[in-house]
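The next block holds one structure in the form of structure tokens; read it before the comments.
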Amino acid sequence: HVRRAVSNALDKVALLRAVNKYRLDSRLGTHITTDGQEDGLLSGWDPFPTPAHRGDDALAQAEMRKSEYFGAGSCDRAPCRGVRVLVRKEYAAAAPAMAEALRSVGIHADVQIVGVDEMYGGRRPGRCLDPTAHVGICLGLGWVVDYPSASNVFVLLSSDAFGSCCNTSLVGATPGQLRAWGYGVSRVPSVDNRIDRCLPLVGFAGVECWAQLDRYVMTQIVPWIPMTVSGRTVIVSSRVRNFSFDQWAVEPALDQIALAPGSA
């Protein structure tokens, strides 16, 4: 309920405007993975359709009231104080929109602007990948598609992805792990069985399975607030007869380019 409240409160248009100072081709993200990986089954779907995506304090407060942390009109329990929020320095302009959304539901954030190594890690895991660091929000984490299946994204919610890479939400953590990492809560949701159900499926059955998991995660667990989906525009000559974009490298796939006969 707290994460739904924050998502309802967030002015995503302001956030997108701030992010686009760094990435000029981003658009609002509304669910876990891209429409292309789900064959468009969730295209246009938004589980938190606040008016014009500018945030709605009334909807946010309605969600917060359902939370065990609610009292005196907002989030007034100890966990709502000094929540660590790491913001990747390239997205620093987006920090005020996030801090304002948190304040509107009673969450007081300790916002820190950090470099990519401190977030992700260099020689050792970054703070966002260290469950003992107790970071509440990492603003600016991203992922690129390196396999043509939504499994490539949902693996980030698998319990197999703890440690160096890349489950930052702690979905799927066991009571023993939570204890070892210093958390007071003893149980969190898991989607391991749902991921295992989708992995062996191919064709449309696989696409449909991942789309259903996307809906479940975004409406029931809400581990992330999708921020933006980045695109890339590539202009090619009329002599190019075949072209493919390598999503993992974020560059043209050189082995898939074909020119018209006689072209140099």
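In this chain, numbering begins with 1 at the start of the sequence shown.
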Inset, instruction - Validate the cation-pi geometry between Arg4 and Phe48: distance from NZ or CZ to the six-membered ring centre under 6.0 Å, angle to the ring axis within 45°. - result: no

Inset, instruction - Grab the two heavy atoms, one from Cys138 and one from Met119, that are nearest each other, plus how far apart they are. - result: CB-CE, 3.8 Å

Inset, instruction - Mind running side-chain contact (heavy atoms from CB on, under 4.5 Å) on Cys75 and Val105 for me, showing each step along the way? - result: CA-CA 6 Å; Cys75 187; Val105 293; 5.5 Å; no

Legend entry - Any donor-acceptor N or O pair under 3.5 Å, side chains Asp192, Ser159: yes

Legend entry - Approximate separation, where rounding is to 0.5 Å, of Leu213 CG and Glu38 CD: 8.5 Å

Legend entry - Gln112 and its side-chain hydrogen bond (donor to acceptor under 3.5 Å, both in side chains) partner, picked from Arg127, Glu118, Arg84: Arg127

Inset, instruction - Flag yes if Val171 and Ile225 sit in one hydrophobic cluster, no otherwise; membership is Ile, Leu, Val, Met, Phe, Trp, Tyr, and two members link when side-chain heavy atoms are under 4.5 Å apart. - result: no

Legend entry - Reported SG-to-CG distance for the pair Cys166 and Leu157, which is rounded to 0.5 angstrom: 11.5 Å

Legend entry - Asn167 side chain to Ser158 backbone, donor-acceptor under 3.5 Å: yes

Legend entry - Separation of Ser186 OG from Arg179 CZ (nearest 0.5 Å): 8.5 Å

Inset, instruction - Decide side-chain contact (heavy atoms from CB on, under 4.5 Å) for Val191 and Phe154; before the verdict, give the C-alpha distance in whole Å, the side-chain angles of both, and the deciding distance to 0.1 Å. - result: CA-CA 9 Å; Val191 292; Phe154 283 100; over 6 Å; no

Inset, instruction - Evaluate the side-chain proximity of Val83 to Leu102: yes if any heavy-atom separation is below 4.5 Å, no if none is. - result: no

Inset, instruction - Name all residues meeting the ring pair (Phe, Tyr, Trp, His ring centres under 6.0 Å) criterion together with His134; count only those two or more places apart in sequence or in a different chain, and write none if there are none. - result: Tyr183

Legend entry - Among Lys66, Glu68, Glu63, side-chain hydrogen bond (donor to acceptor under 3.5 Å, both in side chains) partner for His1: Glu63

Inset, instruction - Look at atom CZ of Arg77 and say whether more than 12 heavy atoms of other residues, nucleotides or ligands are closer to it than 6.0 Å. - result: yes

Inset, instruction - State, yes or no, whether a side-chain contact exists between Arg215 and Gln212 at a heavy-atom distance under 4.5 Å. - result: no

Legend entry - Audit row: Leu15, Val19, side-chain contact (heavy atoms from CB on, under 4.5 Å) steps and yes/no: CA-CA 6 Å; Leu15 185 146; Val19 168; 4.1 Å; yes

Legend entry - Main-chain N/O of Ala58 paired with Gln61 side-chain donor or acceptor, under 3.5 Å: no

Legend entry - Partner set under side-chain contact (heavy atoms from CB on, under 4.5 Å) for Ala253, not counting sequence neighbours: Ser244, Asp246, Asp255, Gln256

Inset, instruction - Check whether any side-chain heavy atom of Met98 lies under 4.5 Å from a side-chain heavy atom of Val87, and answer yes or no. - result: no

Inset, instruction - Any chance you could lay out the side-chain contact (heavy atoms from CB on, under 4.5 Å) test for Asp214 and Thr33, step after step, and finish with the verdict? - result: CA-CA 8 Å; Asp214 202 338; Thr33 190; 3.8 Å; yes

Legend entry - Distance, nearest 0.5 Å, that separates CG of Leu141 from OG1 of Thr168: 5.5 Å

Legend entry - Val240 side chain reached by Asn242 side chain, heavy atoms, under 4.5 Å: no

Inset, instruction - Rounded to the nearest 0.5 Å, what's the gap from CG on Leu129 to OH on Tyr120? Could you check? - result: 8.5 Å

Legend entry - Side chains of Trp210 and Gln37 in contact at under 4.5 Å (non-hydrogen atoms): no

Legend entry - Donor-acceptor side-chain pairing of Asp130 and Trp181 below 3.5 angstrom: no

Inset, instruction - Identify the heavy atoms of Ala97 and Ala14 that sit nearest to each other, and give their distance. - result: CB-CB, 4.3 Å

Inset, instruction - Kindly indicate whether the side chain of Arg3, heavy atoms from C-beta on, has any atom under 4.5 Å from the side chain of Trp224. - result: no

Legend entry - Check: Asp46/His31 side-chain N/O donor and acceptor closer than 3.5 Å: no

Legend entry - CG-CE distance between Leu59 and Met64, expressed to the nearest 0.5 angstrom: 13.0 Å

Legend entry - Student check: side-chain heavy atoms of Phe204 and Leu41 closer than 4.5 Å: yes

Legend entry - Test item: Val234 and Phe245 side chains (from C-beta on) under 4.5 Å apart, heavy atoms: yes

